[in-house]
Engineer: 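Encoded as structure tokens, here's the structure I'll be asking about.
Reminder, nothing fancy here: chain letters follow the sequence lines and each chain counts from 1. Keep in mind it's a predicted model, so treat the numbers as computed, not measured.
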Amino acid sequence: MSQRGLARAALRTPTGVLALAGVVLLTVLAVVAPMIWGDAARTPDVEHLLEGGSAEHPLGTDNIGRDLLARTLVATRLSLVLAVLTVLVGAGIGVPLGALPTVLGRRSARAAAAVTDLALAYPALLLAIFLGVILGAGPEAAVLALGIASAPAFARLTQTLAASVAGSDYIAAAHVLGLSRRRILFRHVLPNIAEPIILNVTVAIGYALLAMSGLSFLGLGVQAPSYDWGRLLTESLDRIYVAPEAALGPCIAIVVAGLAFNGLGESLAKAASTRTSYARPPAAPAGSRLAATLPVADDVPAADEPVLVVEGLTVTFPTADGAITPVRGISFTVGDGERVGIVGESGSGKSLTALSLARLVPHPGTVSADRVEFLGRELSGVRSTDRDRVLGTSMAMVFQDTTTSLNPALRIGVQLSEVAEVHGELRRSDARRRAVERLRAVRLSGPERRLKQFPHELSGGMRQRVMIAVGLMGEPRLIIADEPTSALDVTVQQQILRLLKEIGDETGASCLLITHDIAVATELCDRILVMYAGRIVEDIDAARLWKGPAHPYTRALLAAVPDLETDRSVELASIPGRPPDVADLPAGCAFAPRCAFATEQCRQEAPPLRIDETDSHRVACWHPQEGSVVTHQARVETEAR
Amino acid sequence: MTAVDVERLSVQFHGRGGPVVAVDEVTLSVPPGSVVGLVGESGSGKSTLARAIVGLVPPVGGSVRIDGVDLGTLSPAARRRARRPVQMIFQDPNSSLNPRMTVGAALTEALGVRERAGRGRAVRDGEVAELLDLVTLDHRVAASYPRELSGGQRQRVAIARALAVRPDVLICDEVTSALDASVTGAILNLLRDLRRQLGLSILFISHNLAVVRYASDQIGVMHHGRIVEFGDAETVVRSPEHPYTRALLDAVPRLGGADASTAVP
């Protein structure tokens, strides 16, 4: 997004609007005040010396009768100019110093970083006063002193930002291309760190203003006959008990200016950090969206005492350009002890489906459904302690990233027994005993010892086992595993899949596995739900998959990824085009633009998910296909097209 | 003579408990025009080896020869020039493209590396269009920023950028791992076409044995910084000798689970 987009985002908050208004007002004042009130601020009036507030002089007059309101207003220019100069000096020294390690070789870079560290170790304000004394009193000296004193902070900021960018692959790619270090700095590093630096500069102006006023107040900054707000404050201070309004003017000015610059910087920073989550390709034309998001009623297969029944589940996110619906009215069931896999590519809505079942959809997403029944209890209604208990003890959640799903600051034992203590109302010793038992159940060696360990002491595979053990601390009837093996090595992946299978067999718990890898799903699951653009397009027995799924997308997915049998001499099947943007879905079938079998009907009318022949197979397609797609046959088909 | 020759190359990192050997005296050759696959799990050293070849991490021992020239004997500037025919493509195209540069700007910059003389803009634009043609992308993509493209399109741009330098060797480090299944096939097909069309040699690195087998002529299996098995792709997969290769093979997920895969004729 452009800088303008950032400013617009910042202006959506009241703080942002107020702060920007303040900064604009101060800037205008700095330009026009000396022209308008310059004379009034300069002209002595011997008849009104050291007066208090009056109609003619709202803030009173000084010791030679000059109007203090006019002087406060006129001082805006000098105060602001000095603050901006100070920050320019600070950033002018600090940013290059911080960027230096990027351009230098390994050894010199370390030396440059050490200089910054050393400078940072010295308190900035002390350094400023020290430099102020050495350089002598006066505005130039004060600007230099404060600027130099603030340089190390800028250097550190730049260095940290540059280091994070320098680790990215596009910098590595630039090195491999053989680009010069200077070019890498100016074309690749600086443009990507400019934004946070500018934000910090804005905030720093506020601080510089305060610091400069402070130095002037101490007599180190601006000297008479010049005056800034700090100077005006000193001059009025000895009369504070007689005429407080005289000191009030510069005080208010300093506070308002400080708040305005800080507020602006803060709201810009906030806008910069939040807008990324909404960033997506350019807005879609309106009109097409409504038709596409209208859910089509699906068939719901009958099941005896299912653990989970979902009907018409929809997840919606508001965005600046209107609502988007990543999950569009899906229906499915999970039977008792059944293992169901949800397979889909990024953006298919598979993970949001899982999160919505556990009521974990991130703000500001909203979940709606005609019916979500877990163990016969309706979940889609209002929150209750009863429901939280059912979710907490009977539904277990396993996430992809084991480095973030366990709390790094707590020992394994605490994280395990917490569940049982809160929901199972077990005593600590009983909870501990159960924790050891569950760690043994997930085949973790030395369970007693593990209780005392922290997550970082375990490998990724071990952490995933612990995560599963946490889920087992209740008496789960359903384990939802969201890409549980995607962050793990292939050999470990196999072990975790086997473990999930064994645990299902031992406890009779059902499992809902979310994965992008259809082969992984078939290893564990009895049934596969294939999702595309927020809809289930096929619901099929895993055993039937290799005999031939009916939906062209499922078939293409199977044929696009090589397995160990794939003929190396022929091209792989590939799906033309790209996955649709959930904000801009076509009116009919979302897969139609990429489908070789699409007809006019497909482009106009979204196919509902209908039961096909047997009860265990549902497909949402106007032209379902037949026959196996395993390896060579798929390619013959695609080549024939 | 081979395109890339690695001899007894070692790379160490500084760990908390002393140096950690990431690559342990690896010897490997990529003959001209062929694809050598490297398979291994995280921490096996396969990516570190790739980064050492292109100079992103310094080796502690051994030598890298490009087109017969030992890089260790060259001055830093000459080494940089000598490395230019070897280009690398990274795993995640989200992070391997500068978010602040349009596709056109990124490709133009890479083209600039090859010929320093300032030529007309029209010529440059023509060359950018040629590169986009090579990776079968629409010319209009040149005006886009990476965030406006899909994962597959971004990976094509990354490949085009590497091709801008007219390399002899491509090092592909997990190039399909961050991509959706539906585009994996397309990227593998593209690499295959490019190899044929441009006579490229490729070092193809992946944790996925099925993908490596499909893409490569020869396969090296890496484990704990060493190549534990090396041979023709089909031989390594059909009759693995090292127990670790066998473990890797057993771990490949099969359609319909392990039982069903044996049932498939």
Engineer: Using atom types as modelled and distance alone, determine if a side-chain donor or acceptor of Asn98(B) lies under 3.5 Å from a backbone N or O of Ala174(A).
Structural biologist: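 The answer is no, because no donor-acceptor pair under 3.5 Å joins these two groups.
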
Engineer: Of all the heavy-atom pairs spanning Glu41(B) and Val492(A), show the shortest one and how long it is.
Structural biologist: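 Of all heavy-atom pairs spanning Glu41(B) and Val492(A), the closest is OE2-N, 4.4 Å.
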
Engineer: Is Leu188(B) close to chain A through its backbone or its side chain, or both, or neither, when contacts mean heavy atoms under 4.5 Å?
Structural biologist: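 Interface part for Leu188(B): side chain.
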
Engineer: So for Arg81(B), is it side chain, backbone, both, or neither that comes closer than 4.5 Å to the heavy atoms of chain A?
Structural biologist: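 Answer is neither: Arg81(B) stays 4.5 Å or more from chain A.
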
Engineer: Are there over 12 heavy-atom neighbours, none belonging to Arg110(A), within less than 6.0 Å of that residue's CZ?
Structural biologist: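 12 or below, so no.
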
Engineer: Quick one: which of Ile187(B), Leu149(B), Thr184(B) has the most heavy-atom pairs under 4.5 Å with chain A, could you say?
Structural biologist: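 Most heavy-atom pairs within the cutoff with chain A belong to Leu149(B).
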
Engineer: From Asp169(A) CG over to Ser96(B) OG, what is the distance, rounded to the nearest 0.5 angstrom?
Structural biologist: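 Answer for the CG-OG pair, Asp169(A) versus Ser96(B), is 6.0 Å.
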
Engineer: Can you tell me which portion of Asp138(B) sits under 4.5 Å from chain A's heavy atoms? Options are side chain, backbone, both or neither.
Structural biologist: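 For Asp138(B), no heavy atom lies under 4.5 Å from chain A.
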
Engineer: In Å, rounded to the nearest 0.5 Å, how long is the span from CE of Met88(B) to NE2 of His175(A)?
Structural biologist: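 Atom-to-atom, Met88(B):CE and His175(A):NE2 are 13.0 Å apart.
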
Engineer: Write down the atom of Ala210(B), the atom of Pro562(A), and the distance for their closest heavy-atom approach.
Structural biologist: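 Shortest heavy-atom separation between Ala210(B) and Pro562(A) comes out as CB-O, 3.5 Å.
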
Engineer: Please classify the contact between Ile89(B) and chain A as side chain, backbone, both or neither, with a heavy-atom cut-off of under 4.5 Å.
Structural biologist: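 Interface part for Ile89(B): neither.
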
Engineer: Which residues pass the ring-ring contact (aromatic ring centres under 6.0 Å, His included) test with His223(B), sequence neighbours left out?
Structural biologist: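 His223(B): ring-ring contact (aromatic ring centres under 6.0 Å, His included) contacts with Tyr244(B).
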
Engineer: As an exercise, state the distance from CE of Met101(B) to CZ of Arg187(A), rounded to the nearest 0.5 Å.
Structural biologist: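 If we round to the nearest 0.5 Å, Met101(B):CE and Arg187(A):CZ are 3.5 Å apart.
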
Engineer: Rounded to the nearest 0.5 Å, what's the gap from NE2 on His188(A) to CD on Glu109(B)? Could you check?
Structural biologist: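 One gets 3.5 Å once the value is rounded to the nearest 0.5 Å.
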
Engineer: Whether the side chain of Arg83(B) engages the backbone of Val176(A) through a donor-acceptor N/O pair (distance < 3.5 Å, no angle test) should be reported.
Structural biologist: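 Here the side-chain-to-backbone pair does not exist.
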
Engineer: So for Arg213(B), is it side chain, backbone, both, or neither that comes closer than 4.5 Å to the heavy atoms of chain A?
Structural biologist: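 Answer is both: backbone and side chain atoms of Arg213(B) are under 4.5 Å from chain A.
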
Engineer: Can you check whether Leu572(A)'s main-chain N or O pairs, donor with acceptor, with Asn189(B)'s side chain at less than 3.5 Å?
Structural biologist: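 Here the side-chain-to-backbone pair exists.
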
Engineer: Calculate, to the nearest 0.5 Å, the distance between atoms OH and CG belonging to Tyr214(B) and Leu564(A) respectively.
Structural biologist: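 Nearest 0.5 Å value for the OH-CG distance: 14.0 Å.
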
Engineer: Which atom pair, heavy atoms only, marks the closest approach of Glu571(A) to Asp193(B)?
Structural biologist: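 So the two residues come closest at OE2-OD1, 3.2 Å.
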
Engineer: Can you sort out the partners of Arg156(B) under side chain to side chain donor-acceptor pair (under 3.5 Å), two or more places apart, ordered by chain and number?
Structural biologist: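 If we apply the side chain to side chain donor-acceptor pair (under 3.5 Å) test to Arg156(B), skipping adjacent residues, the hits are Thr136(B).
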
Engineer: Using a 4.5 Å heavy-atom cutoff, which residues in residues 171-181 of chain B come close to chain A?
Structural biologist: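 Checking residues 171-181 of chain B against chain A gives Asp180(B), Ala181(B).
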
Engineer: What part of Val237(B) gets within 4.5 angstrom of chain A, counting heavy atoms only: side chain, backbone, both, or neither?
Structural biologist: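 Looking at Val237(B), just its side chain touches chain A.
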
Engineer: Name the region of Arg183(A), side chain, backbone, both or neither, that has any atom closer than 4.5 Å to a heavy atom of chain B.
Structural biologist: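 Answer is side chain: those atoms of Arg183(A) sit under 4.5 Å from chain B.
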
Engineer: Return the CG to CG distance between Asp489(A) and Leu248(B), rounded to the nearest 0.5 Å.
Structural biologist: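 Asp489(A) CG to Leu248(B) CG: 9.0 Å, rounded to 0.5 Å.
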
Engineer: Applying ring-ring contact (aromatic ring centres under 6.0 Å, His included), name anything that partners Tyr145(B), two or more places apart in sequence or on another chain.
Structural biologist: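 With sequence neighbours excluded, Tyr145(B) shows a ring-ring contact (aromatic ring centres under 6.0 Å, His included) to no residue whatsoever.
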
Engineer: What residue, out of Leu177(A), Ile528(A), Asp517(A), Ile575(A), has the most heavy-atom pairs lying under 4.5 Å from chain B?
Structural biologist: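 Most heavy-atom pairs within the cutoff with chain B belong to Leu177(A).
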
Engineer: Pick one of side chain, backbone, both or neither for Asp250(B), based on which atoms fall under 4.5 Å of a heavy atom in chain A.
Structural biologist: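 Only the backbone of Asp250(B) comes within 4.5 Å of chain A.
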
Engineer: Quick check against the 3.5 Å criterion: does Arg51(B) have a side-chain atom that pairs as donor or acceptor with the backbone of Ala172(A)?
Structural biologist: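 Flag not set: sc Arg51(B) to bb Ala172(A) has no pair under 3.5 Å.
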
Engineer: Looking at side-chain heavy atoms only, is the closest gap between Glu345(A) and Val183(B) below 4.5 Å?
Structural biologist: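 Sidechains of Val183(B) and Glu345(A): no contact.
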
